[in-house]
Amino acid sequence: MKTIAVFPGSFDPITKGHESIVRRALPLFDEVIVAIGINASKKYLYSLDQREQWIGKVFEGEDKVKVEKYEGLTMDFCKEKQAQYVLRGLRSSADFEFERSIAQMNKALAPDIDTVFMLSKPELSAINSTIVRDIIRNGGDASQFVPDSISL
Ligand code: ADP
């Protein structure tokens, strides 16, 4: 049986922080699905197609990485994909507190699925999609925070 992890997020846009978590997780899993969650009530900066295309470009040639989109509960998506793990990145204690509740509630919803946390590399732990979007909206240059292969 394949060991599959889902890495859920909005990736608006994908950052070097996200990229690093996925690359470092690759030795642990047979497949990592970068899953773009669609929340109808959320306003995104970039279109779903654009975000999906960028993620595809970043992991081009990396056979273990798949890019998908999903609506609804992350646990339902994991079950549909037969993923045994959810992958999440941790930058700070604030991330940890937030992620702990989600992971524990997800565990109650889907006891067979575990959340695996990977600590951010120190040099990437300040990178945050919300701040990247603010820089872009205000005309700043956010290119140092996003993967080298994408041009904003
Ligand atoms: P954000 O939290 O920046 O808005 P997402 O909602 O797309 O981004 O988050 C997807 C996952 O990526 C979460 O597990 C989040 O903790 C993780 N992540 C985001 N930025 C980083 C980073 N700089 N280093 C490590 N993990 C990160």
Side-chain angles (χ1 to χ4, degrees), residues 3-29 31-59 62 64-78 80-81 83-110 113-138 140-150 152:
T3 309
I4 303 172
V6 164
F7 183 51
S10 41
F11 309 105
D12 187 27
I14 184 169
T15 67
K16 281 186 175 164
H18 298 131
E19 178 189 14
S20 165
I21 296 293
V22 173
R23 291 201 192 280
R24 289 167 58 211
L26 286 181
L28 303 175
F29 303 104
E31 190 174 305
V32 175
I33 302 174
V34 181
I36 311 174
I38 306 167
N39 180 342
S41 62
K42 220 167 147 181
K43 190 128 177 42
Y44 298 102
L45 180 61
Y46 293 105
S47 71
L48 187 55
D49 281 352
Q50 176 67 87
R51 286 180 276 150
E52 189 179 21
Q53 194 197 315
W54 273 332
I55 300 168
K57 186 137 188 269
V58 170
F59 298 108
E62 193 53 79
K64 281 184 170 186
V65 179
K66 305 274 179 288
V67 188
E68 306 238 6
K69 1 181 209 221
Y70 74 102
E71 261 175 298
L73 293 178
T74 304
M75 288 305 107
D76 288 342
F77 179 72
C78 289
E80 183 193 319
K81 293 290 156 187
Q84 305 91 333
Y85 299 98
V86 176
L87 173 66
R88 298 291 284 175
L90 290 181
R91 289 165 285 194
S92 62
S93 53
D95 269 0
F96 172 74
E97 289 303 333
F98 177 69
E99 294 289 341
R100 175 171 56 175
S101 301
I102 300 177
Q104 289 178 334
M105 291 179 76
N106 280 341
K107 186 73 177 158
L109 290 176
I113 299 173
D114 274 303
T115 301
V116 173
F117 295 107
M118 193 161 279
L119 276 183
S120 173
K121 283 187 173 182
E123 66 272 27
L124 300 176
S125 65
I127 302 179
N128 173 308
S129 292
T130 308
I131 303 176
V132 167
R133 283 194 298 279
D134 274 348
I135 295 170
I136 296 165
R137 278 200 194 96
N138 290 291
D141 177 9
S143 55
Q144 64 179 305
F145 307 119
V146 301
D148 295 332
S149 51
I150 71 171
L152 292 168

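The basis for the numbers below is simple: all heavy atoms, side chains too, and nothing from hydrogens, waters or symmetry mates. One-based numbering, in listed order, for ligands and for the atoms of each. Please read all numbers here as calculations on a predicted model, not as lab measurements. Starting from 1, each residue takes its place in the sequence as its number.
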### Task
Would you kindly specify which portion of Pro8 sits under 4.0 Å from ligand 1, judged on non-hydrogen atoms: side chain, backbone, both or neither?
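The answer is the backbone.
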### Task
Could you see which bit of Ile21 sits under 4.0 Å from ligand 1, with heavy atoms only: side chain, backbone, both or neither?
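Ile21 to ligand 1: side-chain contact only, backbone stays beyond 4.0 Å.
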Looking only at distances, can you tell me whether any N or O atom of [X], backbone or side chain, sits closer than 3.5 Å to an N or O atom of ligand 1?
X      : value
Ser125 : no
Gly9   : no
Asn128 : no
Thr130 : no
Thr15  : no

Under 4.0 Å to a heavy atom of [X] - the qualifying atoms of ligand 1, by number:
X      : result
Arg88  : 10 (C), 11 (C), 13 (C), 14 (O)
Phe11  : 7 (O)
Phe7   : 11 (C), 12 (O)
Ser120 : 24 (N), 25 (C)

Scan the side chains in residues 85-94 for donor-acceptor partners under 3.5 Å anywhere in the protein, sequence neighbours excluded, and list what turns up.
residue	atom	partner	partner atom	Å
Arg88	NE	Glu99	OE1	2.9
Arg88	NE	Glu99	OE2	3.2
Arg88	NH1	Pro8	O	2.7
Arg88	NH2	Glu99	OE2	2.8
Arg91	NE	Asp95	OD2	2.9
Arg91	NH1	Ile127	O	3.1
Ser92	OG	Ala94	N	3.4
Ser92	OG	Asp95	N	3.1

### Side-chain heavy atoms of Tyr46 within contact of Arg133, under 4.5 Å
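In short, these two side chains do not touch, never coming nearer than 4.5 Å.
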### Query
Hey, is Lys81 close enough to Glu68 for a salt bridge, meaning N to O under 4.0 Å?
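Looking at Glu68 together with Lys81, the answer is yes, because their closest N to O distance falls below 4.0 Å.
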### Message
Tell me whether Glu97 is salt-bridged to Arg100, with the criterion being a basic N under 4.0 Å from an acidic carboxylate O.
### Response
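Yes, this pair counts.
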### Distance flag, aromatic centroids of Trp54 and Phe11, threshold under 6.0 Å
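Ring-ring flag for Phe11/Trp54: false, centres at least 6.0 Å apart.
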### Task
Could you list the residues that satisfy side chain to side chain donor-acceptor pair (under 3.5 Å) with Ser143, not counting sequence neighbours?
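In terms of side chain to side chain donor-acceptor pair (under 3.5 Å), with neighbours along the sequence ignored, Ser143 is linked to Asp141.
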